[in-house]
Amino acid sequence: MSLAFPIDASRATNAGMARHILVLYGSYRRDRHGIKLAEWLVDAIIARGDRAELIDARAVDLPMLDRMFKEYRAGEAPPAMAALAARIRTADGFLFVTGEYNWGPQPGLKNLTDHFLEEWFWRPAAIACYSAGPLAGVRAMMGWRDILGEMGMAVTSSILPVGGIGSAFDDDGKPAGDGGKRLEKAFPRFADDLNWWIDAAKAQRAKQDPPY
């Protein structure tokens, strides 16, 4: 099972210095609109010269949390869990793409995230949020800020909200309408913020080991 969205290496400039960013998405619904946003973000990150992988919770298909990865003996964790742990440990930063269910986080993405802890430490995370309505999932985003901070990530102040997700992309996954225009306009600043923190965290880790 591949967890990665295909990467077009010809679009990744300065590959030796490229940041490695995981884009995490968690809807399990049959007719998912947010997947277009997640896939577009992967492409948009690659177009800026960095590496990006889509981690789709439905595709990874971890069980409901019983044991965290660290609670398994070496070699006994489910293969998908062990593979994802390795990807998280080697990533420079994370972009969580979250919808909103009853003012809260999507359970699929929360369940995937909770299987790991130390693997997330000392790396930045950014949040893109969406919903069918005009509030663009910002209530779920507010919950995720606390969750990701508690799990050892430095959460950026910039967010990327997309309202009316059902009409923000066309059938080919390209931004469409007013929502798509706002997304394309807001993305560069959002990505710059995440990249600044990624570079700062990498430099600090190279200079000094984390305190724990």
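Counting from 1, the numbers follow the sequence of the chain as shown.
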Under 4.5 Å between any side-chain heavy atoms of [X] and [Y], yes or no?
X: Asp114; Y: Met151; value: yes
X: Pro175; Y: Lys181; value: no
X: Phe116; Y: Met81; value: yes
X: Trp196; Y: Pro124; value: no
X: Glu53; Y: Val23; value: no

What pair of heavy atoms forms the shortest contact from [X] to [Y], and how long is it?
X: Ala57; Y: Gly108; answer: CB-O, 3.8 Å
X: Ala18; Y: Gly49; answer: CB-O, 3.4 Å
X: Phe69; Y: Ala82; answer: CE1-CA, 3.6 Å
X: Tyr130; Y: Gly34; answer: CZ-CA, 3.5 Å
X: Ala168; Y: Gly179; answer: CB-C, 4.4 Å
X: Arg67; Y: Glu71; answer: CA-OE1, 3.3 Å

Query - Trp197 and its side chain to side chain contact (heavy atoms under 4.5 Å, CB included) partner, picked from Asp199, Asp193, Asn195 - result: Asp193

Query raised in the report: For Ile21, which of Leu194, Leu41, Val42 qualifies under side chain to side chain contact (heavy atoms under 4.5 Å, CB included)?
Result: Leu194

**Report entry** Short side-chain donor-acceptor distance under 3.5 Å, Thr98 and Trp144
**Finding:** yes

Report task. Taking atom types as modelled, find out whether Arg58 and Ser27 have a side-chain donor-acceptor pair closer than 3.5 angstrom. Result -> no

Query raised in the report: Any idea how Phe187 and Phe190 line up, ring-wise: parallel (<30°), tilted (30 to 60°), or perpendicular (>60°)?
Result: tilted

Query raised in the report: What class does the angle between the rings of Phe121 and Tyr212 fall in, given that below 30° is parallel, 30 to 60° is tilted and above 60° is perpendicular?
Result: perpendicular

Sub-3.5 Å donor-acceptor pair from the side chain of [X] to the main-chain atoms of [Y], do we have one?
X: Glu119; Y: Ala85; result: no
X: Asp172; Y: Lys174; result: no
X: Lys36; Y: Asp170; result: yes

I need the [X] [atom1] to [Y] [atom2] distance, nearest 0.5 Å.
X: Arg182; Y: Leu160; atom1: CZ; atom2: CG; value: 11.5 Å
X: Phe94; Y: Leu22; atom1: CZ; atom2: CG; value: 6.0 Å
X: Asn111; Y: Leu62; atom1: CG; atom2: CG; value: 7.0 Å
X: Arg89; Y: Arg123; atom1: CZ; atom2: CZ; value: 9.5 Å
X: Arg145; Y: Met141; atom1: CZ; atom2: CE; value: 5.0 Å
X: Leu24; Y: Ile127; atom1: CG; atom2: CD1; value: 11.5 Å

Just wondering, are more than 12 heavy atoms of other shown residues or ligands nearer than 6.0 Å to [atom1] in [X]?
X: Glu150; atom1: CD; result: no
X: Arg205; atom1: CZ; result: yes
X: Met142; atom1: CE; result: no

Query raised in the report: Taking NZ, NE, NH1 and NH2 as the nitrogens, is one of them in Asp92 or Arg51 under 4.0 Å from a carboxylate oxygen of the other?
Result: no

Report task. Could you tell me whether Asp192 and Arg48 make a salt bridge, using a distance below 4.0 angstrom between a side-chain N and a carboxylate O? Result -> yes

Report task. Applying side-chain contact (heavy atoms from CB on, under 4.5 Å), run through Lys70 and Leu117 and close with a yes or a no. Result -> CA-CA 8 Å; Lys70 67 179 182 179; Leu117 186 59; 3.8 Å; yes

Query raised in the report: If two hydrophobic side chains count as joined below 4.5 Å and joins carry through other members, does Tyr101 share a cluster with Phe96?
Result: no

Query raised in the report: Between Tyr28 and Leu65, is there a shared hydrophobic cluster once you connect ILVMFWY residues whose side-chain heavy atoms come closer than 4.5 Å?
Result: no

Query raised in the report: Less than 6.0 Å separating the ring centroids of Trp40 and Tyr25?
Result: no

Report task. Could you give me the CA-CA distance, side-chain angles and deciding distance for Leu183 and Leu37, then say whether side-chain contact (heavy atoms from CB on, under 4.5 Å) is met? Result -> CA-CA 9 Å; Leu183 170 63; Leu37 172 59; 4.0 Å; yes

